[in-house]
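Worth knowing before you read on, the calculation uses all heavy atoms, side chains too, and leaves out hydrogens, waters and symmetry mates. Chain A is the first sequence line, chain B the second, and so forth, proteins listed ahead of strands; every chain is numbered from 1.
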Amino acid sequence: MKNAPLPEGIRLIDGWFDRDGQVALIAAIRAVVAEAPLYRPEMPRTGKPFSVRMTNCGPLGWVSDRAGYRYQPLHPVTGCPWPAIPEVLLALWGEVADYPHPPEACLVNFYDETARMGLHRDEDEAALDAPVVSVSLGDSCLFRIGGRERSDPTRSFRLASGDVFVLGGPSRLAFHGVDRIYPGSSTLLERGGRINLTLRRVTSPG
DNA sequence: TAGTATCT
DNA sequence: TATG
């Protein structure tokens with residue numbers, strides 16, 4: 001059964017990072033996590049924990065707690081500023097984002113083999129004219145994308161280590177999520193799991 | 001300044 | 001940024 005074409009504004013680039021590039025990226029992310037440890041966010045109001053663990057790098061980081069979703073300059077656990085975005089990711093943004101200002105946030109999501117991400121939209125950014133640029137590392141996942149309304153039809157496909165995914169244009173506010181992780185599908189991370197990096201421009205224009 | 005990336 |  002053949003899938004419909006990707007919606008306009010979606011760009012999936014298989015294997016943007018080769019193995020060496022992925023290894024270098026993981027080293028950079030390890031340095032970020034050493035300074036800004038992964039933590040488990042909670043849902044607004046209910047306090048229900050996410051199944052993914054998160055951290056950020058860049059001047060701003062996306063956080064969620066009982067008070068809501070927001071971007072803030074400090075790690076909610078350590079109180080320290082987020083580390084800088086690694087150069088290789090700034091370079092990636094320059095090559096694929098088609099946006100005249102640098103990203104301000106790089107959200108780092110770690111999925112263990114049971115983690116999921118429910119269908120949602122990235123809409124906490126003022127700069128909705130800038131795309132969201134995503135990098136997959138480690139185990140593959142089943143990714144799902146729909147339209148601007150939660151009820152719009154969805155399609156899904158696998159994202160593998162080294163893939164780059166750009167959510168922009170008419171699809172910038174498309175609902176998307178991660179249905180499942182495929183454990184053991186990559187040897188990049190010794191202890192398994194998937195890391196997703198999403199680069200965002202938060203403020204307009206800059 | 002009112003919804004939410006939780007969850008079945 | 002809980003919030004009524």
Side-chain angles (χ1 to χ4, degrees), chain A residues 7 9-10 12 29 32-33 36-82 103-128 130-159 163-168 171-182 193-204:
Chain A
I10 300 295
L12 171 55
I29 295 307
V32 165
V33 170
L38 290 166
Y39 68 98
R40 195 177 302 280
E42 296 178 341
M43 284 297 290
R45 302 206 318 283
T46 63
K48 276 202 161 296
F50 282 41
S51 62
V52 298
R53 291 186 298 150
M54 292 183 176
T55 188
N56 289 269
C57 47
L60 293 171
W62 186 88
V63 301
S64 175
D65 58 23
R66 286 179 180 271
Y69 300 156
R70 65 196 173 275
Y71 283 92
Q72 64 178 42
L74 304 179
H75 191 294
V77 177
T78 66
C80 297
W82 306 103
E104 295 169 299
C106 176
L107 177 59
V108 179
N109 286 330
F110 177 77
Y111 296 75
D112 67 17
E113 63 182 44
T114 65
R116 306 280 182 268
M117 183 69 80
L119 215 57
H120 69 281
R121 303 194 295 193
D122 293 9
E123 58 181 350
D124 301 311
E125 303 79 25
L128 291 174
V132 173
V133 175
S134 154
V135 182
S136 295
L137 294 168
D139 285 335
S140 298
C141 75
L142 183 61
F143 184 83
R144 178 179 294 271
I145 181 138
R148 295 180 188 229
E149 309 294 329
R150 192 177 281 277
S151 57
D152 286 343
T154 64
R155 56 156 296 183
S156 55
F157 49 89
R158 257 172 105 123
L159 289 176
D163 289 352
V164 165
F165 183 76
V166 182
L167 201 60
S171 294
R172 175 61 180 76
L173 292 176
F175 278 86
H176 58 281
V178 171
D179 287 349
R180 68 159 298 189
I181 299 297
Y182 296 101
R194 172 175 187 262
I195 291 173
N196 184 68
L197 312 173
T198 49
L199 296 161
R200 298 106 184 267
R201 178 72 195 190
V202 179
T203 66
S204 261

**Student:** May I ask you to say what A:P41 touches in the nucleic acid, namely base, sugar-phosphate or nothing, with a heavy-atom cut-off under 4.0 Å?
**Tutor:**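 If one applies the 4.0 Å heavy-atom cut-off, A:P41 turns out to touch nothing in the nucleic acid.
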
**Student:** Expressed in angstrom and rounded to an integer, what is the separation of A:R66 atom CZ from C:dT3 atom P?
**Tutor:** 11 Å

**Student:** Side chain to side chain contact (heavy atoms under 4.5 Å, CB included) with A:R172: which residues, sequence neighbours excluded?
**Tutor:**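 Testing A:R172 for side chain to side chain contact (heavy atoms under 4.5 Å, CB included), a comparison that skips the adjacent residues, returns A:D122, A:E125, A:L128, A:V132.
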
**Student:** What I'd like to find out is whether the side chain of A:T203 reaches to under 4.5 Å of the side chain of A:L60, using heavy atoms alone.
**Tutor:**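 A:T203 vs A:L60: side chains touch.
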
**Student:** How many whole angstroms separate atom CD of A:E42 from atom C1' of C:dA2?
**Tutor:**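 Rounded to whole Å, this separation is 14 Å.
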
**Student:** For a quick check of understanding: with a heavy-atom distance under 4.0 Å over all strands, which category does A:R150 fall into, base, sugar-phosphate or nothing?
**Tutor:**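 A:R150: backbone/sugar contact only, no base atoms under 4.0 Å.
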
**Student:** Of all residues at least two apart in sequence or in a different chain, which pass the side chain to side chain contact (heavy atoms under 4.5 Å, CB included) check with A:P76?
**Tutor:**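 Partners of A:P76 under the side chain to side chain contact (heavy atoms under 4.5 Å, CB included) test: A:Y39, A:V63, A:Q72, A:W82.
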
**Student:** Between B:dC7 atom P and A:R40 atom CZ, what is the distance in whole Å?
**Tutor:** 10 Å

**Student:** Identify whether any heavy atom of A:G118 sits under 4.0 Å from a base atom; if not, whether one sits that close to sugar-phosphate; answer base, sugar-phosphate or nothing.
**Tutor:**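 If one applies the 4.0 Å heavy-atom cut-off, A:G118 turns out to touch the sugar-phosphate alone, with no base involved.
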
**Student:** In whole angstrom, what separates A:L119's CG from B:dC7's C1'?
**Tutor:** 14 Å

**Student:** In whole angstroms, how far is the P atom of B:dA5 from the CD1 atom of A:I145?
**Tutor:** 15 Å

**Student:** Check salt bridge (charged side-chain N to carboxylate O under 4.0 Å, His left out) between A:D179 and all other residues, then give those that pass, not counting sequence neighbours.
**Tutor:**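 A:D179 satisfies salt bridge (charged side-chain N to carboxylate O under 4.0 Å, His left out) with A:R144 only.
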
**Student:** May I have the distance from A:R116 (atom CZ) to B:dT8 (atom P), rounded to whole angstrom?
**Tutor:**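 To the nearest whole Å, that distance equals 10 Å.
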
**Student:** Find the distance A:N56:CG to B:dA5:C1' and express it as a whole number of Å.
**Tutor:** 14 Å

**Student:** Under the side chain to side chain donor-acceptor pair (under 3.5 Å) test, which residues partner A:T46, sequence neighbours left out?
**Tutor:**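 With sequence neighbours excluded, A:T46 shows a side chain to side chain donor-acceptor pair (under 3.5 Å) to no residue whatsoever.
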
**Student:** Between A:M117 (CE) and B:dT4 (P), how many Å, whole number?
**Tutor:**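 A:M117 atom CE is separated from B:dT4 atom P by 16 Å.
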
**Student:** Restricting both atoms to N or O, compile the protein contacts to nucleotides 1-3 of chain B shorter than 3.5 Å, with distance only.
**Tutor:**
none

**Student:** Take A:F157 and A:I145 through the test side-chain contact (heavy atoms from CB on, under 4.5 Å) and record every step on the way to the result.
**Tutor:** CA-CA 9 Å; A:F157 49 89; A:I145 181 138; 3.9 Å; yes

**Student:** When you measure from the side chain of A:M54, which nucleotide among B:dT6, B:dA5, C:dT1 comes out closest?
**Tutor:**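 My answer, after comparing the listed nucleotides, is B:dA5.
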
**Student:** Can you tell me which residue pairs pass the salt bridge (charged side-chain N to carboxylate O under 4.0 Å, His left out) test with a partner in residues 43-69 of chain A, sequence neighbours excluded?
**Tutor:** A:D65-A:R70

